[in-house]
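Before any comments, here is the structure.
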Amino acid sequence: MRGPKPPKKPLPLVQAPPRGREEAVPRLGTRLSHNLELLGRYLGGSDDVVFRRFEVAGQPLPGAAIYVDGLVRRDAVDEEILKPVMLELAMARERNGCLAAGEVLACLERRAITVGELRRTSEVEEIVVAVLSGDAAFLVEGTAWALILNTRGWPSRAVEEPITESLVRGPRDGFTETLRTNTALLRRHLRDPHFKIKQFRVGRRSQTDCALAYVEGIVRPEVVEEVRKRLETIDIDHVTETGELEQLIEDSPFSLFPQVQYSERPDKVVAGILQGRVAILVDGTPFVIMAPSVFGHFFTSPEDYYERWLIGSLLRFLRIAGSYVATFLPAIYVALTSYHPGLWPTPLAMAIAATRQGIPFPAVVEALIMEMAFELLREAGARLPRPIGETIGIVGGIIIGDAAVRSRLVSPIMVVIVALTAIASFAIPAYNLAISFRILRFPLTVAAGVLGLYGVVLGFIIINVHMVCLKSFGVVYLSPFVPYRRNDWKDAFFRAPIRALTGRPVMLRPLDRRRQLNRKRGGW
Amino acid sequence: MGRQGKRVLLAVVLAFLALAPSACWSRREIETLGFVLALGVDRAARQELVQLTVQVAKPVAIPSGTQAGGGGATMEKPFWTVGGTGRTAFEALRNLHRLSPRRLYLAHNRHLIFGEEAARQGVGRYLDFFLRHPQSRRLVRVMVVEKSRAADLLQAEFELEPLPAEGLFFLEEGVRTQLSTGLVVELGDFLQMLEDEGIEPVAERVELVRKLPGEITGKLERREVLSSPKLSGAAAFKGDRLVGWLDERETRGLLWVKGEVRGGTVVVPQPEVQGKFATLEILRAKSKVRPVKKDGKVAIAVKVETEAELREAQAFLDPVNNRELLASIERRLATAIRSEILAAVRRAQADLRSDIFGFGATVHRSLPHDWRRLRDNWDGLFPSLPVEVEVKARLRRSGLAGRSIQIK
Amino acid sequence: MAAQKITGRQLMAVLALARLQAAFVILPVLTSTRAGRDAWLAAVISTPVGLAFALFVIRVAGRYPEGTVVQFARACLGRWLGAAWGLAYAGFFFGLAAVTARVVAESYVLGVMPETPLIVFIVVVVWLGSLAARGGVEVIGRMSESSLFLVLPLLLAAIFLPIARARWENLLPVLEHGPAPVLAASLTSFALYAEVAAAGMLLTHLATPQEAARYTTRAILLSGSLFVLVTVTVTAILGPNADDLVLPVFSQARLISMGRFLERLETLPLAAWTLMVWLKVGFYLWVTATGLAQTFGLADYRPLVYPLGFLAACLAVVGFENIFEVQEFYRPEAWGKYGTILAVGLILLLAGAGRARGKRTRQA
């Protein structure tokens, strides 16, 4: 009776049905017309829901298939369900004789329907959700069971190279909007039987499919439990993006810093899972989030590992330096020009003094104006179609910048500073962290304009206090620097050679600590 | 944790709200400052006053790369020299604000220049200000202008450098590494020499070289450089008073003893030929000064070791095949160095009567018990202090050519 | 509150930074005044003595693992004497927090921003310190640990970048005036080690109490060796007469000059130093608030932090008329004597009382 897969039990995470429906757990009866009426109460009235009635071949037995047009593979419904059920069962009957009503369903399931994944249920809610998810429901007169047939198939994007995280070297596949494709992409990287994908639904109305992915035996069960617990508390009608989910489950919603890492690269997510983290996938978005995430995770790129270690280390160092530049450069420029001109080398001090001659604004105002202008340009360009966006870049960056310098509104050095800051902020691989840094430089610039370097140091202290307070799912955000874990330094500021990375990060406290068990030492 | 985040956010906002309106006490935009690049101290015509002269940069007039490519250098001088008087150095500096629309800013000052007259009367009274002022640094170079006033030096210019103060700085570097005939003395060193027992201070010695009228330089529309600084020799002090000068030879003698010769040339008569000279470049040198006790009397033993390279030989020379010749040149080099040292010692002992070498300090360090006895009478003892000099010179290589030109 | 835990390394960082802060401004001055060019010897001597005292503090505090030294004092000295002990202990660190805030403010006004009113620096640093103190010992511990990565390189840069100007012969002759001035100076520098008594509040928060002695030793050795290093270089670079400088390390950093473009970097050690001062103020405010709360049996120390911070800022502003009084405070006759007597005396008293109590409980 059972297929190779046990029938999927509804996860505890399934949302309660929408309120206002009277029945507690409505179930199917044995009469088809009653059942159709029951389902029609949920699904009727929508023109994209198809109720296809038919008679099972060779039997005087009416049946019905229910599916949402556009969410199913049309040929699957036609060729794998309707055709065998209506035509081929006749041949079977000639051999076996007439079937009792109760046996028809079993017989169809075994002999006629050629859809791979199917399950039985009698719960109306489940049927409704399944149909709305793209499955076809198959009902026959005389039985209180319905077959749920996986015929899902809808127009979707192919697996393409991820736009936000393109690499020079590395796999080119990226997640798509379809959950199943995404889990398949993960599974293709990781054939470990311990790699588990647990599905659940979020969204009272949207009933969005989500999945937890992790490797049993590596990840701490407490972490999975914590993630699950937080997900269970979500009560919202609709979730489209992992970004929303992230904000609902992160530790400090008021923090400026992202506490959950996202990616649209399967290789990156698999690497995260193998570190002992949990990935959360949401149907309808190519972005997968990973928790717990620490500060250092946002500076890594898969390329760090694909290139040799020295290159990877240098790139990582460059990104960290870039983050400092993006955050502190305008503030330090302001502090030095307005408060400590002695710190500039003499020729540079002369050059800055010369270029600032006749500029109407103090350095701090000048910096704020220019940084604001840059943010404006970036925002204007980001939403526009590419050709127009480029025009904005040219008009804003080159024409306005040049004119502003010529008309002595801003000094050319300020333009250099702003450009450097912008470039540095784009060197950070995580877009969400880069935004945090870009925001931070505004208060820091103001602090520098008020108290000089003292202000910058105080700003640094405030940021630091905040960061040491942060935690992501029980892991201190600044690990492995604070608390210091020497083992994890191998893969923090720099990346040690792969051969030296024998263990998983200790800060995530994985159950299985070793990555390389019996590595042979020495060369060959 | 959420509360923590909110609190920090609130704290930041409050901090800026509280500070912003009242802030900016110490703010001074860079373009509103007058960068003092060199500072001169003279005695004013009225004897009890200090005359302070500063050289202030005019950043806009400094020729930059883009301008130079265009229509030639500007006629404008990139600096402004202005002077004023006061009873103290600081008062004089503040009085300059009557004339300067820009706030004078000392952090980029590189030179502290004393006129000869001021130096002879004692520089101690002026120095305190440079120690106390937060913008002033111990890296400032201390120099004395010979036969002239500091104000005149601050008007002098270089042909090659738009800013005289910068030019002076490069001149010092050049003299230090190419010649070792002039001193480079920083204020910190000068103060240590002034305060420590058994050593007397020395300072840089600058002269003014006036151009002959009619000497044409460069483009005609350009300003004419009338006088240029020349760095050579040293100014010797006793206490805080200038007592005399060391010429270039004696200065290098002093540097040999201090072990501070970084480079420079020594010309020695070439062996086996008459009237022809070989020129050697000093590569490195070190010295060891030790007090020795002979029959209860203290003497000083100076040991100098140096390495040199042959740079020029006027007559034929083949050091590869003639080792004896090589040894002979080395001996002559050692003799030349020794005579430089002895000249310096003689000058310090006989004329200046000032322990600029710090022989007393070495006695203090090595023989603290004897020093306690000698200290009070050191000024009387120093002129007759026996100084033994031993020089070891090595000729290491001879440039790209092995032997010199052989004329047929 | 008691659930907050710090690691051994964090304990080390907290203690080392609190010590370094004082060592880098004040200490070279006061040892130089007494011992001249032999100041570094005083530093060398005081380190093992300080280490012994620190280990003694750890040992005494370790005898009462279920609480802090203040609770220990209440337990073994009785109600009134215990309260007096707690008040003295809290007051000691309260005063130090105020003086520290004053010193950093003075240095900023002296060194880089003379026009800005002193009170601005004091208020900001005390307020930020209160923020850390309210965050609790975890925040202080983690901040110290992360600051170590920044502070140590900056301080080492301040020490070693001007090293080319060092004249090592400035250190000679050794012990010209005999050992007496050196010993007197080492007593003074020991006064700053007496602050290690603050460790008594930290032990109960340590995740691994058995490591306390090891990490305290490391903290003392780290700060002690840096302190010796800085005394040696200050004497070698600035000369034996460096005692007339108000901020010797600052002056030393002003001598940095690398290839004409890295010059005048004195603000870098000042930045590192600000970090240390802030941590120290936060730490000592936390010690004061926790100590007071435990003395009076309050459940939570946090409501005390801001009022104490306000008082500390007031004390820092009005406590000293001018910088000469601040310097006077740190002289051997003043702080060197009374600070040491107070800290050592308090701990000795506690040790004695603890031993008596131990005997009593054993008899019972």
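In this text the structure is predicted, and so the values were computed from the model without any measurement. Just so we're on the same page: letters track the sequence lines, and every chain starts at 1.
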I need the minimum non-hydrogen distance between [X] and [Y], along with the two atoms involved.
| X | Y | result |
| --- | --- | --- |
| A:Y339 | B:R28 | O-NH2, 3.5 Å |
| B:I30 | A:A349 | CD1-O, 3.8 Å |
| B:H108 | A:P345 | CE1-C, 4.1 Å |
| B:E31 | A:A353 | CB-O, 3.8 Å |

Discussion item. Which one wins on heavy-atom pair count under 4.5 Å against chain B: A:S338, A:A354, A:G342, A:A351?
Written reply: A:S338
Just list the side-chain donor-acceptor pairs under 3.5 Å for residues 440-453 of chain A, sequence neighbours left out, or say none.
unit_1, atom_1, unit_2, atom_2, d
A:R441, NE, A:E371, OE1, 3.4
A:R441, NE, A:R438, O, 3.2
A:R441, NH1, A:E371, OE1, 2.9
A:R441, NH2, A:E371, OE1, 3.1
A:R441, NH2, A:E375, OE2, 2.6
A:T445, OG1, A:R441, O, 2.5

Worksheet entry | Engaged part of B:L37 at the chain A interface, taking heavy atoms whose separation is under 4.5 Å |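 When you check distances to chain A, only side chain atoms of B:L37 fall under 4.5 Å.
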Worksheet entry | Results of side chain to side chain donor-acceptor pair (under 3.5 Å) for B:Q178 - residues two or more places apart only |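 B:Q178 satisfies side chain to side chain donor-acceptor pair (under 3.5 Å) with no other residue.
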Worksheet item: Counting heavy atoms not belonging to B:R262, are there more than 12 under 6.0 Å from its CZ?
Response: no
Worksheet item: Just by distance, do the side chain of B:E29 and the backbone of A:A363 share a donor-acceptor pair under 3.5 Å?
Response: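 Side chain of B:E29 to backbone of A:A363: a pair is present.
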